[in-house]
Amino acid sequence: MSAKRTLLAFVISTILFAACGKLIPTDGRIDIIPLPGKVTSNEGHFVLKSSTKIIPTFEAEGMQNALAFWNDVMLDVLGQELIVEPGAKSQSGNITIVQDGTLGAEAYRLKIDKSGMQIAASTAGGVFYAFQTLRQMLPTAAFTEAGGRIEIPACEIEDAPHFEYRGFMFDMGRHIFSVQEVKDMIDILAMHKINKFHWHLTEDQGWRIEIKKYPKLTEIGSIRKSSPIGKNKGQDGKPYGGFFTQEEVRDVVKYAAERFITVIPEIEIPGHSVAALASYPELGCTGEQYEVATWWGVDDRVICPGKELAFTFWEDVLTEVMELFPSEYIHIGGDECPKTYWKKCPDCQARMRREGLKNEEELQAYVTKRVEKFLNEHGRKIIGWDEILQGGVTKSATVMAWRGPQYGIEAAKLGNHVIMSPKTNCYLDYYQSRDVKNEPFSIGGYVPVEQAYALDPYKELNSEEQKYVLGVQGNLWTEYISKYDHAMYMTLPRMSAIAEVGWSYPNKNYESFLERLPHLSDLFDVYGYNYAKHVLPEKQNPVAEADAEQK
């Protein structure tokens, strides 16, 4: 046989092996998190293989991103992408995508039988979420063993999120993470059908976003000369800093959008601003030279709303922020703003007299309303932590309830939109086990997976008031989290629980969640995610790597 014919025979045999190689069987279980709205299991299965084609029958913004996601999964399990043939005639053995305008923007229907798969959606977002569900339906062995054919159980799924806002907050102010680590977290959110990434970018301990009009914010404000040891028991004496350039911000925003996630930036106004004051001390009530905070906690030194310069600063910063983030919402903080300096500041007291403000709480409300008016004029809306309720708030402001559900209840009863994020259920920097000696050092508190899952966004609200609840959010503050491996450990699987509350609220069931979680955790293993295993007794639970300097 000639060398040419030998090579041809090898190529043909390779193709045949890919098409008819090892079969990865399904166990027939459909363990999806977050829980789909309706799942009907049928007999039989579909065999996914390299010859399977993807046939989209309609065009929609973002469709290429949805298809690219699925083909990335195919590279992992089949070693190659599937052929995409837009508008081709549907035939047996393929994945057909059809449009159904009656479905909501994030809803989808999925039908799988031995002849193929059909995804129905009204938008590319619905298609993307169908593919997220399909990824969880693949047997774990498909990711770990070489096989040319993969069984997927026959079923029909009808699915849509209950809440329009399903979020996760990642604090960069205390510790900053790399662009790649932020992207990795965004991938984790996409797996859970989370659609909002709240990026906390400014703090007392560091300013993390480049603002070209105010270069000192990053030249000075992004670096602290030292960090606390433990709970402010001492200082490590090591300079710490970093920030995201505007180009890096655009890259992250684009990456998230390709995964149907909106990035919502947070610029703290008017508190948590020592890093800004260190950069531009004229923004403070006293004008003294500040240093970027080197300890954790709430600082009395906040920006002075008695000075018109403060509003010029905020508007200039927000103008650049709006150019970087297309999000409808801008988070303006508003939490933990001591009024100590305002009470004795001549400029603040003069502002209060001119504006007819009764107290310093109303002065902060004046700040919130004025900043909101500026953002509204540019087509944006504000979100603020629940302290913005103090002193009065406009009906158009959205309240993020963190101190407790009662503040969200209060806001909803006032007719304000609400995002439920109470620390009792949603603070992912809290301990998740009572055995704190065998957990990484944490700020305190206790939020096990069951408590995260127990979040009830509608608690004590009647049917009319429930309409004001936009959704839910998990928050990861990073005073004691400087490593990404640690961040993942604190996030998973508690974020899985909160994601199911947001997507599957009417049907959520904790016992069912625990039955489905092992399969999702297998996927965590496939992707190398570090996660806590307290509710997964069948898996070992090594102690997460804690920051050595904080032990």
Side-chain angles (χ1 to χ4, degrees), residues 34 162-163 165-171 174 192 194 196 198 200 231 266 296-298 331 333-336 383-390 398-414 416-436 439-461 465-466 468-481 487 489-505 508-511 513-514 517 531-532 534-535:
H162 182 77
F163 289 108
Y165 187 107
R166 307 176 305 282
F168 172 80
M169 189 283 301
F170 203 177
D171 168 26
R174 282 52 177 254
H192 290 85
I194 296 294
K196 299 291 188 292
H198 172 178
H200 187 84
K231 294 184 179 177
E266 181 180 357
W296 312 134
V298 179
H331 202 301
D335 62 311
E336 297 179 327
I383 300 173
W385 299 108
D386 57 56
E387 286 95 328
I388 67 171
L389 290 167
Q390 299 168 2
T398 296
V399 176
M400 185 169 279
W402 75 273
R403 289 179 296 170
Q406 66 270 30
Y407 297 99
I409 294 167
E410 176 186 349
K413 289 182 180 296
L414 289 172
N416 284 84
H417 282 128
V418 176
I419 299 161
M420 289 294 192
S421 189
K423 61 185 180 181
T424 50
N425 307 84
C426 299
Y427 267 37
L428 306 182
D429 56 325
Y430 284 12
Y431 285 111
Q432 48 197 322
S433 168
R434 295 289 191 189
D435 183 17
V436 298
E439 288 294 305
F441 193 61
S442 179
I443 195 170
Y446 175 55
V447 178
V449 173
E450 183 174 9
Q451 192 162 314
Y453 198 90
L455 173 65
D456 184 356
Y458 288 155
K459 182 181 179 181
E460 298 181 23
L461 296 174
E465 294 161 348
Q466 290 174 10
Y468 293 103
V469 180
L470 294 180
V472 299
Q473 180 171 288
N475 297 325
L476 186 65
W477 301 103
T478 63
E479 286 95 334
Y480 304 102
I481 301 171
Y489 179 86
M490 302 302 282
T491 300
L492 298 172
R494 289 186 292 185
M495 195 63 230
S496 310
I498 295 170
E500 184 149 302
V501 175
W503 184 278
S504 318
Y505 175 76
K508 76 185 186 89
N509 179 285
Y510 185 62
E511 294 305 318
F513 173 80
L514 291 181
L517 185 59
Y531 60 98
H534 306 95
V535 295

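Taking the six-membered ring where tryptophan is involved, the planes of F441 and Y480 are perpendicular, since the angle between them exceeds 60° and thus also 30°. Ring geometry for H162 against Y505 counts as tilted: the plane angle lies between 30° and 60°, on a 0 to 90° scale. Between Y453 and F513, the angle of the ring planes lies from 30° to 60°, which puts this pair in the tilted group.
Residue H534 holds its NE2 atom at 5.0 Å from CD of Q432, rounded to the nearest 0.5 Å. To the nearest 0.5 Å, the span separating CG on N425 from CG on N475 amounts to 11.5 Å. With rounding to the nearest 0.5 Å, the separation of CG in L476 from CE in M495 is 10.5 Å. How far CD of E266 is from CG of D335: 6.5 Å, rounded to the nearest 0.5 Å. Between the CD atom of E439 and the OH atom of Y431 there is a distance of 8.5 Å, given to the nearest 0.5 Å.
Taking all atoms of both residues into account, the shortest heavy-atom contact from M490 to S442 is CE-OG, 4.2 Å. Listed here is the closest heavy atom pair of L461 and P457: CD1-O, 3.9 Å. Closest approach of A411 to V418, counting heavy atoms only: CB-CG2, 3.6 Å. Scanning all heavy atoms of the two residues, the minimum distance from A499 to I194 falls at CB-CD1, 3.8 Å. Taking each heavy atom of M420 and C426 in turn, the nearest pair found is O-SG, 4.4 Å. Residues G408 and A401 approach most closely at N-CB, 3.4 Å, considering heavy atoms.
For S421 (side chain) and Q473 (main-chain N/O), a donor-acceptor pair under 3.5 Å exists by modelled atom type. Checked by atom type and distance alone, the side chain of E450 never pairs as donor or acceptor with a backbone atom of V535 at under 3.5 Å. At least one donor-acceptor pair closer than 3.5 Å links the side chain of E387 to the backbone N or O of E336. A donor-acceptor contact shorter than 3.5 Å links the side chain of D386 to the backbone of R403. Side-chain atoms of Q451 come within 3.5 Å of backbone atoms of T424 as a donor-acceptor pair (strictly under, hydrogens ignored).
Using a 4.5 Å cut-off on side-chain heavy atoms (C-beta onward), W402 and Y407 make no contact. Counting heavy atoms from C-beta outward, L517 and E500 have side chains that stay 4.5 Å or more apart. In this structure, the side chains of V449 and Y510 come closer than 4.5 Å at one or more pairs of heavy atoms. For the pair L414/L389, a side-chain contact is recorded, criterion being any heavy-atom separation below 4.5 Å from C-beta on. The shortest distance between side-chain heavy atoms of I498 and L428 falls below 4.5 Å. When side chains are defined from C-beta on, Y430 counts as touching I443, because their heavy atoms get closer than 4.5 Å. Between K196 and I419, the closest side-chain pair of non-hydrogen atoms is not below 4.5 Å. Looking at I388 and V399, their side chains come closer than 4.5 Å, going by heavy atoms from C-beta outward.
Listed by chain and residue number, W477 satisfy the ring-ring contact (aromatic ring centres under 6.0 Å, His included) test with H200 (two or more places apart in sequence, or in another chain).
Within 6.0 Å of the NZ atom in K231, the count of heavy atoms belonging to other residues, nucleotides or ligands exceeds 12.
Exactly one of Y165, F168, W385 qualifies for a ring-ring contact (aromatic ring centres under 6.0 Å, His included) with H198. That residue is W385.
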